[in-house]
J.: 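Input: one structure, supplied below.
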Amino acid sequence: MKKLLFCALLLATTAGFASAAGLNLGWLDCAGLGAGAANRTFACNTNTGGGHILVGSFVAPAGLDNVNGFQTWVYLQTQFATISPWWDIGDPPHCRAANAASFSADFAAGPFSCIDYFAGQAAGGGFYVLPPFGGGENWAELRVSFAIASGFGPVAENDEVYLFKSTFNNTKTVGLGACTGCSDEVCLVFRRALVTNDPGLGGTDADISTPALRAHATWQGWTSTNPGCPEATPVKNRTWGSIKALYR
């Protein structure tokens with residue numbers, strides 16, 4: 001009887017961890033319910049294509065009755081003391097053009113493992129922010145913000161919902177003018193998501209900063225000689241006001 005009781009308690013505890021509210025990060029799909037990979041490996045042998053799609057999702061807490069948008073913060077760390085040129089993305093004089101990284105909240109064409117609450121209707125965008133922004137010289141930050149104008153509805157507690165896709169292409173990987181560092185190891189950590197409820201309908205925002213299943217992913221692996229993934233914390237959380245200022 002004691003063994004049965006213990007097993008029942010263990011199963012209940014495990015189920016609670018599996019469905020606890022939090023953040024997930026994976027390559028190509030959501031990390032919780034889908035096939036989102038923990039690591040992405042690329043041979044760094046072409047300048048074309050580039051379906052390197054990082055997917056952020058969240059497992060919903062209670063009380064999300066009229067969801068109208070979100071803001072997210074993902075931190076990226078390369079293995080050496082300064083940012084690898086392949087990950088030095090932005091307007092000149094950065095090594096790769098700003099369009100080497102793109103951001104979307106549109107999952108209409110898949111994947112379909114998790115819930116697509118925004119159904120391709122959200123407007124917004126993302127920023128790939130390089131040092132100095134409060135972190136080390138080998139850090140970058142992905143800031144993504146999308147919202148819908150109408151049609152707000154509930155997200156059920158414990159449902160896993162897609163938030164964003166961050167897609168990295170293969171430009172300037174090989175040949176003349178290539179940016180070195182594509183084969184460098186990288187750790188990406190989903191640090192925070194602010195999922196917003198419509199205030200006019202009495203909603204309360206959900207500020208989520210804990211992992212659900214796995215809130216980190218790696219590029220080309222992350223070896224024991226490069227500790228700190230996913231524990232490293234490069235910068236403090238930003239306020240909602242500072243994020244809004246970016247869009248003015």
J.: Checking side-chain contact (heavy atoms from CB on, under 4.5 Å) for the pair Val174/Asn47: CA distance, chi angles, key distance, verdict?
T.: CA-CA 6 Å; Val174 294; Asn47 293 326; 3.6 Å; yes
J.: Working to the nearest 0.5 angstrom, can you tell me the gap between Lys165 NZ and Phe103 CZ?
T.: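 Atom-to-atom, Lys165:NZ and Phe103:CZ are 14.0 Å apart.
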J.: side-chain contact (heavy atoms from CB on, under 4.5 Å), that's the test. Do Thr196 and Val67 meet it? Break it down for me.
T.: CA-CA 6 Å; Thr196 55; Val67 174; 5.9 Å; no
J.: Hey, would you say the Phe164 and Phe190 ring centroids sit under 6.0 Å apart?
T.: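 Here the rings of Phe190 and Phe164 have centres that are less than 6.0 Å from each other.
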J.: Run His52 and Trp219 through ring-ring contact (aromatic ring centres under 6.0 Å, His included) and show every step you take.
T.: CA-CA 10 Å; His52 311 301; Trp219 170 270; 4.9 Å; yes
J.: Within this structure, what is the CG-CH2 distance for the pair Asp184 and Trp87, rounded to the nearest 0.5 Å?
T.: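 So the gap between those two atoms works out to 10.0 Å.
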J.: Is a donor from one side chain sitting under 3.5 angstrom from an acceptor on the other, for Asp29 and Tyr162?
T.: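 Checked: Asp29/Tyr162 side chains pair up, N/O donor to acceptor below 3.5 Å.
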J.: Please check: side-chain N/O of Gln79 versus main-chain N/O of Glu185, any donor-acceptor pairing under 3.5 Å?
T.: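 Flag set: sc Gln79 to bb Glu185 pair under 3.5 Å.
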J.: Looking only at heavy atoms, which two atoms of Ala206 and Pro61 are closest? And how far apart?
T.: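 In terms of heavy atoms, the two residues are closest at CB-CG, 3.9 Å.
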J.: Looking at Trp73, I'd like to know if the NZ or CZ of Arg192 sits under 6.0 Å from its six-membered ring centre while staying within 45 degrees of the ring's axis.
T.: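 Yes, a cation-pi geometry holds between Arg192 and Trp73.
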J.: Identify, with sequence neighbours excluded, every residue that meets side chain to side chain contact (heavy atoms under 4.5 Å, CB included) alongside Asp198.
T.: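 Scan of Asp198 (side chain to side chain contact (heavy atoms under 4.5 Å, CB included), adjacent residues dropped) gives Asn66, Asn68, Phe152, Leu201.
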J.: Just verifying a value: how many Å separate Ser84 OG and Ile89 CD1, rounded to the nearest 0.5 Å?
T.: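 With rounding to 0.5 Å, OG (Ser84) is 10.5 Å from CD1 (Ile89).
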J.: For Thr173 and Thr46, which heavy atoms make the closest approach, and how far apart are they?
T.: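 So the minimum-distance heavy-atom pair works out to CB-O, 3.2 Å.
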J.: Within this structure, what is the OG1-CG distance for the pair Thr82 and Asp88, rounded to the nearest 0.5 Å?
T.: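 Atom-to-atom, Thr82:OG1 and Asp88:CG are 9.0 Å apart.
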J.: Restricting to non-hydrogen atoms, name the atom on Cys30 and the atom on Glu160 that form the minimum distance, rounded to 0.1 Å.
T.: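 That would be CB-OE2, 3.6 Å.
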J.: For the atom pair CZ (Phe127) and CD (Glu141), what is the distance rounded to the nearest 0.5 Å?
T.: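 Going from CZ on Phe127 over to CD on Glu141, the span is 11.5 Å.
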J.: About how many Å separate CG of Leu54 and CH2 of Trp27, when rounded to the nearest 0.5 Å?
T.: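 Separation between the atoms: 5.0 Å.
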J.: Please report the closest heavy-atom contact between Thr72 and Leu163, naming both atoms and the distance.
T.: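 Nearest heavy atoms, Thr72 then Leu163: CG2-CD1, 4.0 Å.
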J.: Do you see a donor-acceptor pair shorter than 3.5 Å between the side chains of Thr171 and Asn169?
T.: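 There is such a pair (donor and acceptor under 3.5 Å, judged by atom type) between the side chains of Thr171 and Asn169.
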J.: Dump the intermediate steps for side-chain contact (heavy atoms from CB on, under 4.5 Å) on Leu28 and Val55, then the final yes or no.
T.: CA-CA 6 Å; Leu28 304 182; Val55 176; 5.8 Å; no
J.: Same cluster or not: are Leu25 and Phe42 linked, directly or through other Ile, Leu, Val, Met, Phe, Trp or Tyr residues, by side-chain heavy atoms under 4.5 angstrom apart?
T.: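 Both belong to a single hydrophobic cluster.
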J.: If every non-hydrogen atom of Ala98 is compared with every non-hydrogen atom of Asp91, which pair is closest and at what distance?
T.: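 That would be CB-OD1, 3.8 Å.
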J.: Between Ala60 and Val155, which heavy-atom pair has the shortest distance, and what is it?
T.: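 Nearest heavy atoms, Ala60 then Val155: CB-CG1, 3.5 Å.
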J.: Is there a donor-acceptor pair under 3.5 Å between the side chain of Asn24 and the backbone N or O of Ser57?
T.: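 No, the answer is negative, given that no donor and acceptor are paired below the 3.5 Å cut-off.
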J.: Just checking, any donor-acceptor pair under 3.5 angstrom between side chains of Ser209 and Asp207?
T.: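 Looking only at side-chain atoms, Asp207 and Ser209 do not form any donor-acceptor pair under 3.5 Å.
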J.: I would like to know whether Phe58 and Phe70 meet ring-ring contact (aromatic ring centres under 6.0 Å, His included); could you show each step before the answer?
T.: CA-CA 11 Å; Phe58 78 105; Phe70 66 86; 8.4 Å; no
J.: Are any of the side-chain heavy atoms of Leu76 and Tyr128 separated by less than 4.5 Å?
T.: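 Yes - at least one pair of side-chain heavy atoms lies under 4.5 Å apart.
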J.: Would you say Gln71 and Val144 make side-chain contact, with heavy atoms under 4.5 Å?
T.: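 No - every pair of side-chain heavy atoms lies 4.5 Å or more apart.
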J.: Can you find a pair of side-chain heavy atoms, one from Leu23 and one from Arg191, that are under 4.5 Å apart?
T.: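 No, every pair of side-chain atoms sits at 4.5 Å or beyond.
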J.: Report whether Leu130 and Val74 are members of the same hydrophobic cluster (ILVMFWY, side-chain heavy atoms less than 4.5 Å apart, transitive linking).
T.: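 Yes, Leu130 and Val74 fall within the same hydrophobic cluster.
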